[in-house]
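Notes follow the structure.
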Number of protein chains: 2
Amino acid sequence: MVDGAIAILDQYGLADLTMRRLATSLHVQPGALYWHFPNKQALLGAVADRILGPMDEPVAADEWAEQITELAHRLRECLLAYRDGAELVSATYASRLTTSKGRERLASAAIRAGMTREEADLAAYTLLYYVLGQTVDEQSRIQMDSMGALAEEHSPLYDTTDATSRFDFGLQLFISGVRHLLGTRVR
Amino acid sequence: MVDGAIAILDQYGLADLTMRRLATSLHVQPGALYWHFPNKQALLGAVADRILGPMDEPVAADEWAEQITELAHRLRECLLAYRDGAELVSATYASRLTTSKGRERLASAAIRAGMTREEADLAAYTLLYYVLGQTVDEQSRIQMDSMGALAEEHSPLYDTTDATSRFDFGLQLFISGVRHLLGTRVR
DNA sequence: ACCTGAACACCGTTCAAGT
DNA sequence: ACCTGAACACCGTTCAAGT
């Protein structure tokens, strides 16, 4: 059922991931889906969890900055792995982000860096918002490009630097910020 | 027409801001709206522009860090000024963010800080993603609280620190990051 | 120039009833 | 336990025709 939803998402996009379409693809009446999920939102939540599955795997790095870099990149890759993945997760985890797999681990890395629990949680959110926003944008641009190869020169900025470097720029800005906050306190 | 849309948004929320409902409130047939706007997306774009209107007013500060702080706070306030304002702007400005009023000014402040045009643009996006994500979350929590005064202890984190302080934490992280990037280069 | 009437092709959700 | 049939209350969008 979640597999069916993922298949529709990846082939036709989030806009076409409707309960009726999913029902049809499963050779079932629309109402049948409501025996398995209370509503569409819950179904999308299950899809989001599936997309974020790889976030549960262990991190290789043991230095905090490397851990954060690794987690942020892995999150981005999860989101980019399915069509409209970033948009779906972003929409589904509106404030339910709290339960997010990556969030807790990001916070742990921030604690290892020397932050208090409270600071680490805030920092984790900050980075999460960045990764989600950035990746939604990036993916929507991929979508646009794959369609009309849009009007002449697209956004002037996006030719020069490739997507991963752009992602890393914001990520480094964040890590530098954390380092600075810690640095002014310790030494 | 945009005024009517804003009124519905503020009273009933984004989910109830439908073309048919707007038409009814204007004592007009649904189809009539399509003489003024090509589609719903365009209408929402106009609403988003209205919400972000105050972003055009001049900034008081002349030091870059203060300018950025001022702009970020003002953006947050614009988004919080209407029900579901953050969600609407966030959804509407998916990648059309480029045209955003605040983005260019944020980039200007970053240039004044000593960044190149390219870095400044990237930094502006980074901050924008943060402000949008953070404010969408904050506003959705306000909405939830105003309704069911939800289950017992809500998110453990969100009692302790108030919303503006949480916002400032991420903002300072960003500014510190910018300062660090510049600092390691200049001196 | 601006709107009506009426349709088209959809949605999510509910719920008795069937097997 | 799991699904069908059928309905309810909606959507966004189009377009001839009216004024």
Side-chain angles (χ1 to χ4, degrees), chain A residues 1-51 82-85 87-96 140 143-144 147-148, chain B residues 1-51 82-85 87-96 140 143-144 147-148:
Chain A
M1 182 135 177
V2 172
D3 306 76
I6 290 267
I8 292 177
L9 178 71
D10 218 21
Q11 282 181 50
Y12 307 99
L14 184 56
D16 284 349
L17 178 47
T18 68
M19 295 303 263
R20 301 185 97 103
R21 217 169 195 297
L22 176 57
T24 303
S25 92
L26 297 173
H27 308 104
V28 116
Q29 292 300 112
L33 302 181
Y34 289 83
W35 193 91
H36 302 276
F37 289 96
N39 48 50
K40 186 178 181 180
Q41 165 107 309
L43 189 260
L44 291 179
V47 174
D49 285 342
R50 177 66 110 329
I51 291 176
Y82 301 93
R83 209 229 268 214
D84 294 340
E87 200 187 335
L88 186 148
V89 170
S90 194
T92 302
Y93 279 61
S95 131
R96 206 176 67 82
S140 88
Q143 206 65 53
M144 286 170 80
M147 289 175 54
Chain B
M1 182 136 178
V2 172
D3 306 77
I6 290 268
I8 292 177
L9 178 71
D10 218 22
Q11 281 181 50
Y12 306 99
L14 184 55
D16 284 349
L17 179 47
T18 68
M19 295 302 264
R20 301 186 97 105
R21 215 168 195 300
L22 176 57
T24 303
S25 92
L26 297 173
H27 308 104
V28 118
Q29 292 302 111
L33 302 181
Y34 289 83
W35 193 91
H36 302 276
F37 290 96
N39 49 48
K40 186 179 180 178
Q41 166 108 307
L43 188 261
L44 291 180
V47 173
D49 285 344
R50 176 72 121 274
I51 291 175
Y82 301 93
R83 212 231 267 216
D84 294 340
E87 200 187 335
L88 186 149
V89 170
S90 193
T92 303
Y93 278 61
S95 128
R96 205 175 67 84
S140 86
Q143 207 64 54
M144 286 170 80
M147 288 176 54

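Here is the naming used below: chain letters follow the sequence lines, and residue numbers restart at 1 for every chain. Keep in mind that what you see is a predicted model, and the values were worked out from it rather than measured.
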Taking side chain as C-beta onward, heavy atoms only, is [X] less than 4.5 Å from [Y]?
X       : Y       : answer
B/Asp3  : B/Arg50 : yes
B/Tyr93 : B/Asp49 : yes
A/Leu33 : A/Lys40 : no

Check [X] against [Y] and note the closest heavy-atom contact, atom names and distance.
X       : Y       : value
A/Leu88 : A/Ile51 : CD2-CD1, 4.3 Å
A/Asn39 : A/Met19 : C-CE, 4.3 Å
B/Ile6  : B/Val47 : CD1-CG1, 3.8 Å

In this structure, how many angstroms lie between the [atom2] atom of [N] and the [atom1] atom of [X], rounded?
X       : N      : atom1 : atom2 : result
A/Trp35 : D/dT4  : CH2   : P     : 14 Å
A/Leu22 : C/dT13 : CG    : P     : 12 Å
B/Gln29 : D/dC15 : CD    : P     : 18 Å
B/Phe37 : C/dC2  : CZ    : C1'   : 15 Å
A/Lys40 : D/dC11 : NZ    : C1'   : 12 Å

Does [N] have OP1 or OP2 under 4.0 Å away from a side-chain N or O of [X]?
X       : N      : result
A/Tyr34 : C/dT14 : no
B/His27 : C/dC3  : no
B/His36 : C/dA1  : no

*May I ask which nucleotide in the shown strands pairs with D/dT14, Watson-Crick or G-U wobble, both distances under 3.5 Å?*
C/dA6
*asked:* Please report the distance separating the P of C/dA9 from the corresponding atom of D/dA9, rounded so that it comes out in whole Å.
replied: 23 Å
_Flag if over 12 foreign heavy atoms under 6.0 Å of OH, B/Tyr12_ = no
*asked:* For DNA chain D, which residues of residues 6-20 of chain A approach it to below 4.0 angstrom with any heavy atom?
replied: A/Arg20
*Map A/Ala32 and A/Arg21 onto DNA chain C by nearest heavy atom, then report which one ends up closer to the 5' terminus.*
A/Arg21
